[in-house]
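So the structure is just underneath, and the comments pick up after that.
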Amino acid sequence: MRILITGGAGFVGSHLSDRLLGDGHEVIAVDNFFTGSKRNIAHLVDHPHFELIRHDVTFPLYIEVDAIYNLASPASPIHYQRDPVQTTKTNVVGAINMLGLAKRLGVPIFQASTSEVYGDPEVHPQPESYWGKVNPIGPRACYDEAKRVAETLFFDYQRQHDLEIRVARIFNTYGPRMAADDGRVVSNFIVQALRGEPLTIYGDGSQTRSFCYVDDLVSGFIALMNNEAGESGPVNLGNPGEFTMLELASLVLDMTGSKSKLEHLALPQDDPKQRQPDISLAKSVLGWEPTVALKDGLARTIEYFDAQIKNGGN
Ligand code: NAD
Ligand code: UDP
């Protein structure tokens, strides 16, 4: 199949490109390089089945493909808050453009939604049936609300136009090819530890997240896209192992052997206090569950950043 990946030069998009090419598909990656990088896909540029198009998904795209994975959107709070209006446009107008493309072609389309649709959740762990608690006017709203509208659009295109949709709610995912300056917690802590700089703990560090290794996430994407039961989602994809930020910091310090200190900074507004996916639906319908433990995934990620730093890449 010829498969379009929007956000294909990003962290997750580049791993998805690798997997789909490995499975024998053709991949067309579309990206405007807002947070992605040519370095993430440099190894694919000469691949006979890979094509890269610099394009902003807020503008229409005319192209012929057999399936679409819509990943275009900054994902890190510091990046999606840098130009909040553009974040909403990318997620809403971008979704409309990609849904329009899928409708014209009559092809399936996958949406990279997020656990942020649950906001600062009052239900723990979060099942797909929970409607969430999102501040509609806070600094995270440009991302959270735009991803919620995108879900609405996907389900309206399904109801109104009979489109084949797949919606994944992704929980915090990490791994090689996150940008060193990405601002998300795993890359921040690893890069800080390797450079001997203080690890920046926002607030008291008691807030929790559940971290999924990128290879597991990509397997979940493909299981959802190809599932024979016709499950559209939304389906939670993430690793239920839940850790406080202090636990994560101490694990990173142990594993890097770093002498870095901890530095407490202010907790960002509306920062969710706890987050853990209920993955019963993914397990039962897709037969999917993560296989990489945090320690093993961190070891691979530390190795990646260590090599980047030694090569002067970061
Ligand atoms: P990323 O920032 O590394 O990748 C996003 C990519 O989208 C980048 O290459 C960026 O340049 C591109 N992009 C942004 N705006 C665009 C536009 N207007 N037109 C074309 N391309 C554009 O982030 P990621 O972690 O790889 O996230 C991929 C997707 O998964 C995003 O939609 C994100 O919201 C979703 N997601 C990721 C996580 C996670 O933990 N990694 C969690 C929840 C949801
Ligand atoms: N965080 C932190 N130090 C950092 C970066 C993030 O303590 O250097 C915290 C942040 O406040 C949040 C958690 O780590 O509670 C996860 O943040 P991230 O930006 O990775 O993703 P989020 O789940 O908030 O979108």
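Because the structure is predicted, anything quoted here is derived from the model rather than measured. As the structure lists them, so they are numbered: ligands from 1, and atoms in each ligand from 1. Residues take their numbers from the sequence shown, with the count starting at 1.
- When the options A179, S76, S73 are ranked by their closest heavy atom to atom 5 (C) of ligand 1, first place goes to S73.
- At a heavy-atom cutoff of 4.0 Å, ligand 1 is contacted by the backbone of N172 but not by its side chain.
- Backbone and side-chain nitrogen or oxygen atoms of Q207 are examined, and one is located within less than 3.5 angstrom of a nitrogen or oxygen of ligand 2.
- A salt bridge links R209 to D271: at least one charged side-chain nitrogen sits closer than 4.0 Å to a carboxylate oxygen.
- Of all heavy-atom pairs between V252 and F189, the closest is CG1-O, 3.7 Å.
- Between E197 and K261 there is no salt bridge, since no side-chain nitrogen of the basic residue lies less than 4.0 Å from a carboxylate oxygen of the acidic one.
- Considering backbone and side-chain N/O of V185, one or more are found under 3.5 Å from N/O of ligand 2.
- Using a 4.0 Å cut-off between heavy atoms, R140 contacts ligand 2 through its side chain alone, with no backbone atom that close.
- Interface atoms of ligand 2 facing G183, defined by a heavy-atom separation under 4.0 Å, are 5 (C).
- Using a non-hydrogen distance threshold of 4.0 Å, Q192 does not register as a contact of ligand 2.
- A donor-acceptor pair under 3.5 Å links the side-chain atoms of T173 to the main chain of F171, judged by distance alone.
- Screening E26, E51, E64 for a salt bridge (Lys or Arg N to Asp or Glu O under 4.0 Å) with R2, the sole residue that qualifies is E26.
- Atom NZ in K283 sits 8.5 Å away from atom CG in D278 (nearest 0.5 Å).
- Heavy-atom distances between S76 and ligand 2 stay at or above 4.0 Å for every pair.
- Of all atoms in ligand 2, listed by their number and element, those nearer than 4.0 Å to a heavy atom of M245 are 13 (C), 14 (O).
- Panel note: side chain H47, backbone H49; a donor-acceptor pair is recorded below 3.5 Å.
- The shell of residues lying under 4.0 angstrom from ligand 1, judged by heavy atoms, excludes G94.
- Listed by atom number, the atoms of ligand 2 under 4.0 Å from N188 heavy atoms are 4 (C), 5 (C), 8 (O).
- Close approach to E116 involves these atoms of ligand 2, each under 4.0 Å from a residue heavy atom: 25 (O).
- Taking 4.0 Å as the cut-off, Y143 counts as a neighbour of ligand 1 on heavy-atom distance.
- Proximity of F11 to ligand 1, defined as any heavy-atom pair under 4.0 Å, is shared by backbone and side chain alike.
- Salt bridge R177/D18: present, at least one basic N to carboxylate O contact under 4.0 Å.
- Counting heavy atoms under 4.0 Å from ligand 2, residue N172 touches it through the side chain alone.
- In this structure, T87 contributes its side chain and D83 its backbone to a donor-acceptor pair below 3.5 Å.
- The option from N70, I170, V30 that lies nearest to atom 43 (C) of ligand 1, judged by heavy atoms, is I170.
- Protein heavy atom in closest approach to atom 3 (N) of ligand 2: T200 O, 2.5 Å.
- Residues K310 and D306 are paired through a salt bridge, judged by an N-O separation under 4.0 Å between the basic side chain and the carboxylate.
- Looking from atom 28 (C) of ligand 1 to the surrounding protein, the closest heavy atom is L71 O, 3.7 Å.
- Residue H79 does not touch ligand 1, judged by heavy-atom distances below 4.0 Å.
- Heavy-atom distances between Q86 and ligand 1 reach below 4.0 Å in at least one pair.
- Among all protein heavy atoms, the one lying closest to atom 22 (C) of ligand 1 is N32 OD1, 3.0 Å.
- With salt bridges taken as basic N to acidic carboxylate O contacts below 4.0 Å, none links D120 and R275.
- Close N/O approach between R184 and ligand 2 is not found [any backbone or side-chain N/O within under 3.5 Å].
- Taking the charged nitrogens against the carboxylate oxygens, R169 and E151 do have a contact shorter than 4.0 Å, which makes a salt bridge.
- Below 4.0 Å from some heavy atom of I201 lie the following atoms of ligand 2, by number and element: 7 (O).
- By the criterion of a heavy-atom distance under 4.0 Å, the backbone of S113, and not its side chain, is placed next to ligand 1.
- By the criterion of a heavy-atom distance under 4.0 Å, the side chain of K147, and not its backbone, is placed next to ligand 1.
- Shortest contact from atom 7 (O) of ligand 2 to any protein heavy atom: Y202 N, 2.9 Å.
- By the criterion of a heavy-atom distance under 4.0 Å, neither the backbone nor the side chain of Y174 is placed next to ligand 1.
- Transitive grouping of hydrophobic side chains (ILVMFWY, heavy atoms separated by less than 4.5 Å) keeps V167 and L224 in distinct clusters.
- Ligand 1 has a nitrogen or oxygen under 3.5 angstrom from a nitrogen or oxygen of V12.
- The shortest contact between atom 10 (C) of ligand 2 and any protein heavy atom is with D271 OD2, 3.4 Å.
- Put simply, the side chain of D216 gets close to the backbone of T291: a donor and an acceptor are under 3.5 Å apart.
- Here atom 25 (O) of ligand 1 lies nearest to R184 when heavy atoms of R177, R184, R209 are compared.
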